[in-house]
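For the numbers below, each heavy atom of this structure counts, side chains included, while hydrogens, waters and symmetry mates do not. We're numbering straight along the sequence, starting at 1. Quick caveat: nothing in here was measured; it's all calculated off a predicted structure.
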Amino acid sequence: MNQTFIKLVCVFVLLSTSALAAANMQLNNVIFHFEPGESARQDVEIYNPGDTNLYVEIVPTQVRSPGDEDEHREVIKDPRAAGLLVTPNKLVIPPGASKNVRLVKLGDAQDERIYRIAAKPVVGGLDAQQSGLKVMIGYEVLAIVYPNKIETDLEVQRDGQRLRVKNLGNANVLLREGFQCPSKDTPQEDCTPLPGKRMYPGNEWELELPHDLPVTFYQSVGTRNYMETYP
């Protein structure tokens, strides 16, 4: 998946649509990197901008075969086996306040581990005199635990206007803000933008290009950012 976060929208219809109530939240970050030699603990800060208590359920999952056709998620029941502790699993946040959800990496990783943590508002009641529609908006956090020694090996091949990319390394590479220019003299702002993708280890990707000239992507491995051009 190449989304930095997934917004979850759950709509609960109560009696009629004569009134509307919303439960919202704000997160300080939606992608957390646990890199070698860095802290094993990070906090997701959840802020309640509303005027009523916000009830939040936290559901951590481990992503298996990320980026592949058989990608699936497993709810974390045993943090030690999964390698990540997420606590607490429920929050009550007063209006205008914030609370933290702590992510703790457990043990060292030989292979990259991927997690998705859903922060979902829990339905509260409407005023007794109201009937209406209640909209609940939640978010999903991406947590990446990198292997002890990161080895980057992105294989990029060109066949005419087809680009083939394969991640032969042991850590994901985020391809973003790609572009291809129709001529060598074209300013970057006038070049054709290209879609991006997060390439997990073993992932393969093919992209049809609009031109025959070199392709450039901004790339990220963990918190390291750089630019690469492929002829």
Side-chain angles (χ1 to χ4, degrees), residues 1-9 26-38 42 44 61 63-73 109 111-118 137-231:
M1 299 182 182
N2 54 347
Q3 295 291 330
T4 56
F5 66 91
I6 301 175
K7 183 178 287 188
L8 308 175
V9 180
Q26 296 173 2
L27 277 62
N28 66 324
N29 196 4
V30 291
I31 302 181
F32 291 83
H33 302 276
F34 290 89
E35 299 180 87
E38 300 297 327
Q42 298 192 52
V44 183
T61 60
V63 182
R64 301 292 189 180
S65 303
D68 289 339
E69 291 184 0
D70 59 346
E71 174 181 313
H72 61 284
R73 305 181 187 192
D111 300 305
E112 185 176 79
R113 300 195 300 253
I114 306 298
Y115 306 91
R116 294 277 184 179
I117 300 98
I137 300 176
Y139 291 92
E140 207 169 62
V141 169
L142 170 64
I144 303 171
V145 174
Y146 293 86
N148 294 331
K149 184 179 180 181
I150 295 177
E151 298 176 356
T152 304
D153 187 2
L154 198 66
E155 180 183 85
V156 180
Q157 298 178 337
R158 285 284 297 273
D159 181 8
Q161 291 181 218
R162 182 171 292 275
L163 187 75
R164 293 186 175 91
V165 185
K166 184 173 183 179
N167 187 351
L168 302 176
N170 66 355
N172 79 87
V173 179
L174 175 62
L175 301 176
R176 57 185 177 82
E177 300 175 41
F179 62 90
Q180 187 183 39
C181 302
S183 74
K184 294 180 180 179
D185 300 324
T186 304
Q188 181 177 332
E189 59 268 21
D190 296 329
C191 295
T192 304
L194 301 174
K197 189 173 180 65
R198 187 179 291 277
M199 301 286 298
Y200 294 100
N203 284 180
E204 298 183 36
W205 183 43
E206 289 194 6
L207 178 64
E208 195 69 34
L209 302 172
H211 313 295
D212 292 322
L213 292 178
V215 176
T216 299
F217 281 98
Y218 288 91
Q219 298 180 189
S220 301
V221 177
T223 54
R224 182 169 66 92
N225 301 300
Y226 55 98
M227 186 172 68
E228 288 283 355
T229 298
Y230 302 100

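- The OH atom of Tyr226 sits 5.0 Å away from the CZ atom of Arg224 when rounded to the nearest 0.5 Å.
- Residue pairs meeting the ring pair (Phe, Tyr, Trp, His ring centres under 6.0 Å) criterion with at least one member in residues 159-183, sequence neighbours excluded, do not occur.
- Between atom CG of residue Asp185 and atom CG of residue Asp190 there is a gap of 12.0 Å, rounded to the nearest 0.5 Å.
- Using modelled atom types, one side-chain atom of Thr61 and one backbone atom of Arg116 make a donor-acceptor pair closer than 3.5 Å.
- Listed here is the closest heavy atom pair of Pro195 and Phe217: O-CE2, 3.5 Å.
- With sequence neighbours excluded, the residues satisfying side chain to side chain donor-acceptor pair (under 3.5 Å) with Thr216 are Thr229.
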Exercise for the section: List the steps and the verdict of side-chain contact (heavy atoms from CB on, under 4.5 Å) for Arg198 and Ile144. Expected result: CA-CA 12 Å; Arg198 187 179 291 277; Ile144 303 171; 3.8 Å; yes
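- Pairs engaging residues 147-158 under the side chain to side chain donor-acceptor pair (under 3.5 Å) rule: none recorded [sequence neighbours left out].
- Residue Glu71 comes nearest to Gly67 through the heavy atom pair OE1-N, 2.7 Å, listed as atom of the first residue, atom of the second, then distance.
- Between Pro147 and Pro36, the shortest heavy-atom contact is O-CG, 3.0 Å.
- The minimum heavy-atom distance linking Asn203 with Pro66 is given by the pair ND2-O, 3.2 Å.
- Between Asn172 atom CG and Ile114 atom CD1 the span is 5.5 Å, to the nearest 0.5 Å.
- Around the CD atom of Glu189, the shell of radius 6.0 Å holds more than 12 heavy atoms that belong to other residues, nucleotides or ligands.
- Within the 4.5 Å cutoff, the side chain of Leu175 has heavy atoms near those of the Leu154 side chain.
- Residues Asp111 and Asn170 bring no donor and acceptor atom of their side chains to less than 3.5 Å of each other.
- Tyr146 is linked by a ring pair (Phe, Tyr, Trp, His ring centres under 6.0 Å) to His33, counting only residues two or more places apart in sequence or in another chain.
- To the nearest 0.5 angstrom, Glu140 atom CD is 4.0 Å from Arg73 atom CZ.
- Summarising the geometry of Gly169 relative to Pro201, their closest heavy-atom pair is O-CB, 3.5 Å, with the distance given to 0.1 Å.
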Considering only distance and modelled atom types, tabulate donor-acceptor pairs under 3.5 Å from the side chains of residues 204-215, sequence neighbours left out.
unit_1, atom_1, unit_2, atom_2, d
Glu206, OE1, Arg162, NH1, 2.9
Glu206, OE2, Arg164, NE, 3.1
Glu208, OE1, Arg162, NH2, 2.7
His211, NE2, Thr192, OG1, 3.1

Practice task
Test Asn28 against Val44 for side-chain contact (heavy atoms from CB on, under 4.5 Å), laying out the working first.
Solution key: CA-CA 6 Å; Asn28 66 324; Val44 183; 4.1 Å; yes
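- Note that the OH atom of Tyr115 and the CG atom of Leu142 stand 11.5 Å from one another [nearest 0.5 Å].
- Residues passing the side chain to side chain donor-acceptor pair (under 3.5 Å) test with Tyr230 are Gln219, sequence neighbours excluded.
- Here Arg176 contributes atom CZ and Met227 contributes atom CE; the two are 11.0 Å apart, rounded to the nearest 0.5 Å.
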